[in-house]
Amino acid sequence: MYAIVAAAGLLILLLTPAFGCASSPSVERRETVAPEPPREYVDTSLVPSTGQTIRVHEGDDLQDAIDTAQLGDTIVLDAGATFKGPFLLPRKTGTGWVTIRTSTPDKPFPAPGTRVSPAHAPLMPKLISWKGEGVVLADRGAHHYRLIGLEVVPSEGSFLYSLIWFGTNREQSLEEQPHHIIVDRCYIHGDPKKGSRRGVALNGRHLAVVDSHVSDFKGVGEDTQAILGWGGAGPFKISNNYLEGAGENIMFGGGDPIIKDLVPSDIEVRGNHMAKPLRWKKNEPGFEGTQWTVKNIFELKNARRVLVEGNVMEYNWEESQSGFAVLFTVRNQEGTAPWSVVEDVQLVNNIIRHTGSGINLLGHDNNRPRDQSQETKRILIRNNLWEDIGNERWGGTGI
């Protein structure tokens, strides 16, 4: 197999050892084809409300307000108030969006396009849960919800599987998948001592996480992510967020889609800061004492038409994996999705630094026979800055 890699303006032809060597006269030569870009993008423009405003104060029933709201309505939650869930976003009929937002006015709250931080938490209502699968879940077919300026967190001392579920991969068809849901300027974080499995599960269509802070997703002996998608069709937008996950900061794949032939597609990952805090790393000043399961920063196991541009990826070390920052490793994870593929991927204009190794690219799933997954195709890696890769501090192979 040939992999075409463009770096700093140079076109490099890589030949994987499994398919021959540079001196072999029988190597098949293939025409270079550029990756196909995403066919559609998630539109995250603000849509003005056309309905009523429903105000919810501390002690009120937020689920009742969500059930009562019609498309076009805005639900305003008191900043600083705490609401105990879990909460279900039901499917509604009609047109427009249900907006669930903080009562803090647009000023002093950060404007659209501005990333929030933990410092903005006092301006947000807090949604919590200590039971069930998460804090906010979308019902089958739920659509057109926008969450603005919410803090979403487990109850103190609780470990939750996922804080936000947009689809659970139990939906039987594309029509059942939740769609057109946007997380906008939210602060989503696990318990500082116990962590949580993941921040946002993207298993639907037309889903986005923008301008948000997603942190403290960590565990011991298990995979954890800030954002994970494995059973949704897409498109997806992940833009201008701070993302913190011990296992993977972002991953697509890692579980077999229940819908036959589904590949998460049309994925835009742009302008994010993905990092693992050094307080998680043994032998670093400020180490908190728990050696969380650390793997990599960005991984694709089943994905098509992916644009990864203008991100900063930093602080990743050899621990439960060998320290690669970026993995394009096709996987038929559970053996039931032989259509799994990684293809049409652009990794361009990113900064990758302070990590044990750079990128791991597989042509085939080496955990299963080649007829159990598809061949990796059309990967473009261009104009990325690789800095402080591999040394005694980070471990890994340094390539």
Side-chain angles (χ1 to χ4, degrees), residues 1-7 9 11-16 19 28-43 174 202-208 227-239 248 250-257 259-272 296-311 313 324-333 337-350 352 358-366 370 372-384:
M1 176 201 143
Y2 293 93
I4 303 302
V5 177
L11 187 64
I12 304 171
L13 183 63
L14 299 181
L15 179 64
T16 59
F19 291 85
E28 177 188 358
R29 298 194 178 277
R30 304 181 185 180
E31 182 180 356
T32 302
V33 178
E36 181 182 356
R39 293 178 182 173
E40 56 180 335
Y41 294 86
V42 179
D43 184 359
L174 294 182
L202 299 178
N203 290 317
R205 301 177 287 127
H206 290 271
L207 305 177
I227 296 178
L228 172 65
W230 69 98
F236 306 103
K237 180 175 183 175
I238 304 171
S239 177
E248 299 85 18
I250 296 176
M251 182 164 73
F252 282 91
D256 290 355
I259 298 175
K260 188 176 184 298
D261 296 326
L262 187 144
V263 176
S265 301
D266 304 312
I267 302 168
E268 178 188 8
V269 180
R270 200 191 299 261
N272 301 282
N296 60 73
I297 297 177
F298 183 87
E299 183 168 13
L300 300 178
K301 293 185 174 184
N302 184 26
R304 173 182 289 138
R305 297 189 298 275
V306 185
L307 174 62
V308 185
E309 182 174 22
N311 303 279
M313 309 180 198
F324 283 97
V326 178
L327 280 75
F328 299 151
T329 50
V330 60
R331 299 287 185 210
N332 176 7
Q333 190 75 29
W339 59 83
S340 298
V341 71
V342 174
E343 64 184 9
D344 294 306
V345 179
Q346 300 177 67
L347 181 74
V348 295
N349 305 323
N350 301 282
I352 301 99
I359 184 166
N360 183 5
L361 175 63
L362 292 183
H364 287 273
D365 185 345
N366 61 349
R370 291 181 190 169
Q372 291 298 305
S373 63
Q374 304 303 305
E375 182 183 29
T376 298
K377 297 186 277 298
R378 297 182 296 278
I379 309 295
L380 177 67
I381 304 170
R382 182 181 64 197
N383 200 39
N384 299 286

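Closest non-hydrogen pair, Asp344 versus Pro35, comes out as OD1-CA, 3.4 Å. Contact detail for Ile238 and Asn272: the closest heavy-atom pair is O-ND2, 2.9 Å. Pairing each heavy atom of Glu268 with each of Tyr41, the nearest pair is OE1-CD2, 3.3 Å. Pairing each heavy atom of Gly253 with each of Lys301, the nearest pair is CA-CB, 4.0 Å. Closest approach of Val341 and Asn302 over heavy atoms only: N-OD1, 3.1 Å. Across every non-hydrogen atom of Val42 and Leu207, the tightest pair is CG2-O, 3.6 Å.
Listed for the Asn296 side chain is no donor-acceptor partner under 3.5 Å among the backbone atoms of Val326. A donor-acceptor distance shorter than 3.5 angstrom exists from the side chain of Asn311 to the backbone of Val269, with no hydrogens or angles considered. In this structure, Asn203 contributes its side chain and Gly229 its backbone to no donor-acceptor pair below 3.5 Å. A donor-acceptor pair is defined here as one N or O able to donate and one able to accept, closer than 3.5 Å; such a pair exists between the side chain of Asp365 and the backbone of Asn332. At distances below 3.5 Å, at least one donor-acceptor pair connects side-chain atoms of Asn350 with backbone N or O atoms of Val308.
Note: Glu375 CD to Glu343 CD = 10.0 Å, rounded to the nearest 0.5 Å. Distance check, rounded to the nearest 0.5 Å: CG of Leu327 to CG of Asn360 gives 4.5 Å.
Of the residues listed (Val330, Val263, Leu361), the one engaging Val342 in a side chain to side chain contact (heavy atoms under 4.5 Å, CB included) is Val330, and it is the only one. Shown are Leu300, Asp256, Leu362; of these, the side chain to side chain contact (heavy atoms under 4.5 Å, CB included) with Arg331 is made only by Leu362.
Arg39 has no carboxylate O lying under 4.0 Å from a charged side-chain N of Asp266, or vice versa, which leaves the two without a salt bridge.
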(message) Leu307 vs Arg270, test: side-chain contact (heavy atoms from CB on, under 4.5 Å). Steps then yes/no.
(response) CA-CA 8 Å; Leu307 174 62; Arg270 200 191 299 261; 3.2 Å; yes

(request) Apply side-chain contact (heavy atoms from CB on, under 4.5 Å) to Ile359 and Leu347, showing your working. (result) CA-CA 11 Å; Ile359 184 166; Leu347 181 74; 4.2 Å; yes

(request) Using the side-chain contact (heavy atoms from CB on, under 4.5 Å) rule, take Phe298 and Phe324 through it: C-alpha gap first, then chi angles, then the decisive distance, then the call. (result) CA-CA 9 Å; Phe298 183 87; Phe324 283 97; over 6 Å; no

(request) Report the C-alpha separation of Asn383 and Val348 in whole Å, then their side-chain angles, then the decisive distance to 0.1 Å, and conclude whether the side-chain contact (heavy atoms from CB on, under 4.5 Å) test is met. (result) CA-CA 6 Å; Asn383 200 39; Val348 295; 5.7 Å; no

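Under the ring-ring contact (aromatic ring centres under 6.0 Å, His included) criterion, Phe252 pairs with Phe236, not counting sequence neighbours.
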